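Below: one structure, written as structure tokens.
Throughout, a chain's letter reflects where its sequence line sits, starting with A, and its residues are numbered from 1. Not measured: the values here are computed from a predicted model.
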Amino acid sequence: MVHGSLAGIQFDVADNLELVRGVVGFKLARLRLATAAIPRHRRGSKLRALMNHLLNRVDKELEALAQEEAQAVGVDALHDVVTRKYERLSPQLDSLHEILAAFRDAVGRSDVPVGLQHLIDVLMETVVIDQGDPIVQLSAVNMYSTIDLVAWVDDLFSRTGSPPAAYSGNHPIAFNLPALDPQNALLAPILAHEVGHTAVNQSLLRALEVAIDPAPVEALLAMQLSIAGLHPSGAEAGEWVASFQAWCAELICDAIAIAVTGPSFVLAFCAFAPPSASAQVGTHPSERDRIRIQLKQLDERGWTPTMERDFPSLTAWLRDASNNMTLTGTAKETFLRGAIALIENEIIAVAEQHIASGFDPKSADASISAAADWLSHGVPAVEFEGEVLGPWAIVMAGWIATFREHGDDPASLASGVGDTAFNAVVVKALEMSSIVTAWRAHERSAS
Amino acid sequence: MSVLLREQIDALLDERDNDKRLVITPLLDREEQVGPGSVDLRLGTEFIEVSRQDSTSIDPFGHHEDVDAQQSEADRKTYVALGDPFILHPGQFVLGATLEFLVLPPNLVGQVLSRSSWGRLGLLVATAVAVQPGFRGVLTLELVNTGSVPIVLRPGLRVAQLQLWSSDRPTDSPYGVGAKYSAPLGPESNRLAWEGRERDVLEAITRRMHARSADSDSDSDTEAE
């Protein structure tokens, strides 16, 4: 029996220190075993490094607790404090169990085509700050998304009152692909948006805050709050600001995806989330505003002539779909959409500055057309006149082949995405591109 | 019908008319791969292994829906990046594919042979696999380690040779004319069971042959006496 007091209340509890210490011990041992089983030197193996870092930290805490325990012998109050400290370790270990169980089987997975693995590697190099180590996960829940596992650990730890991971190595980043359709090459540009979230959380949202003049946005907020009869420091005002930040994050990710993949993103975006007239102001900006800003960025990057040449009707339809129709007509909508319009140039600029080498219309225009011809005949050719097409040029060629086959029409977006056999050809072309690019680079360096 | 030599192969690879052109893509090292009388082909990135513990037997006489289901359940597809190892153990059989995607014009026939240097290590890659005029796709390779030590295979290695034979006139019925994107992009499992008409003929013959000696009630009565 341990005698103690909490907030002035005296209590007696059964001595469970050894039990709690034992539970922590077996949980830790189980995690060590599972971590040791993660393959080394494979795609996603940084999960092992992250877990070892965190488990070593737990080991140090246990060493310190053992010393405290020795000093607490015979002192009930100290004894109870030590027990409670052991208890606090348990949920931390449960958090690690959650992450390990979710991702360990996906490390070094060999059931994803090489072309798709290459595409993910390219995104890691292009978008993620200091790069990252991808874990490809076939997800039933998250469709297309990415999760920085270090950020996830921090989030889980913060709920249990544990300190952040403080992990300085290469971040393991989970790439969630739709489990039933992971090989959809034409939708792959969505991945560029999703991996953008990692960079946004790393630094780009802060970069946007620095880049914009806050005064006009704050004035618009004050005016619309006043119209809505809301107090500027009330909970709803805070929710409006949180929505504004979430919209900014989405739009930076869109701009990253446009810079990296070109027009393929707006096409994949419309196939994935068709623009609708549904009147909602939610966590994401309306598809109409997103398409408008995407078209603006594409125009600034010089893509409009290509789009008007290769899919003129669809380009006209995209312009129609991006018209500025009112959704709900509420003060919140007026603030959010108005504020975004005020800073959209800065949003695009922040994304463009982040992407060192984007995809632009000068990149192999003639070769893209030739690749589209071959793809439309089911042949994954990627090298033309000594020039090797990169992955996003191939996806672009895939879209152009789709329009040649199914017509320059919005419905063709669904036809292309839904054509499993054709997407398999494009995925094969992505593989060929990675192989030929690596080979030619080696030849150049060897000579 | 004559075998094509290097100069003829080069000319066909450079042919501008797509209907007459020989496509082999990617040709990572054309100078090395196009030999005096054949083209070296590299090992691709996809493999199909048959999981033994999940298989009872494979009966090509089975109804093709059943055989297909049985096959796809037992097949395990593995993707290996260029240069990464895939270890083939003694006695192990897997299906691989060529790295190269081929399109043969309608007047060419091909034959895939193992490269002798691999054969000397005990690796069988292909047993004179025929490639039909008009074929389009990657070629499935039957990989067997007949030696006594494991062999480390790596996608990108040159493992097979393609000999090409030219006919004076193109075939009227080239192989694989059908769905545009039906060309194989990786190794393909057995399709014996799809040859349904022949299966039916063989089954009918077997039934007739066994009818003579099949048990009947009267035979049983005789035995009982």
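Your options are B:L28, B:T78, B:L82, B:D29, and the one with the most heavy-atom pairs under 4.5 Å with chain A is B:L28.
Here the side chains of B:F101 and A:M432 are in contact, with some heavy-atom distance below 4.5 Å. Inter-residue side-chain proximity for B:T45 and A:I435 is flagged as met; some heavy-atom pair is nearer than 4.5 Å. Within the 4.5 Å cutoff, the side chain of A:W374 has heavy atoms near those of the B:V23 side chain.
If you measure heavy-atom distances from A:R109 to chain B, you find no contacts under 4.5 Å at all. For a residue to count as touching a neighbouring chain, one of its non-hydrogen atoms must lie under 4.5 Å from one of that chain's; by this rule B:N18 touches chain A with the side chain only.
One distance of note links CG of B:L27 with CH2 of A:W439; it measures 11.0 Å at 0.5 Å rounding.
A side-chain donor-acceptor contact under 3.5 Å links B:R136 to the backbone of A:H377.
Under the side chain to side chain contact (heavy atoms under 4.5 Å, CB included) test applied with B:P26, the options A:V436, A:V388, A:V382 reduce to a single match, A:V436.
At most 12 non-hydrogen atoms from other residues, nucleotides or ligands lie less than 6.0 angstrom from CG of B:D168.
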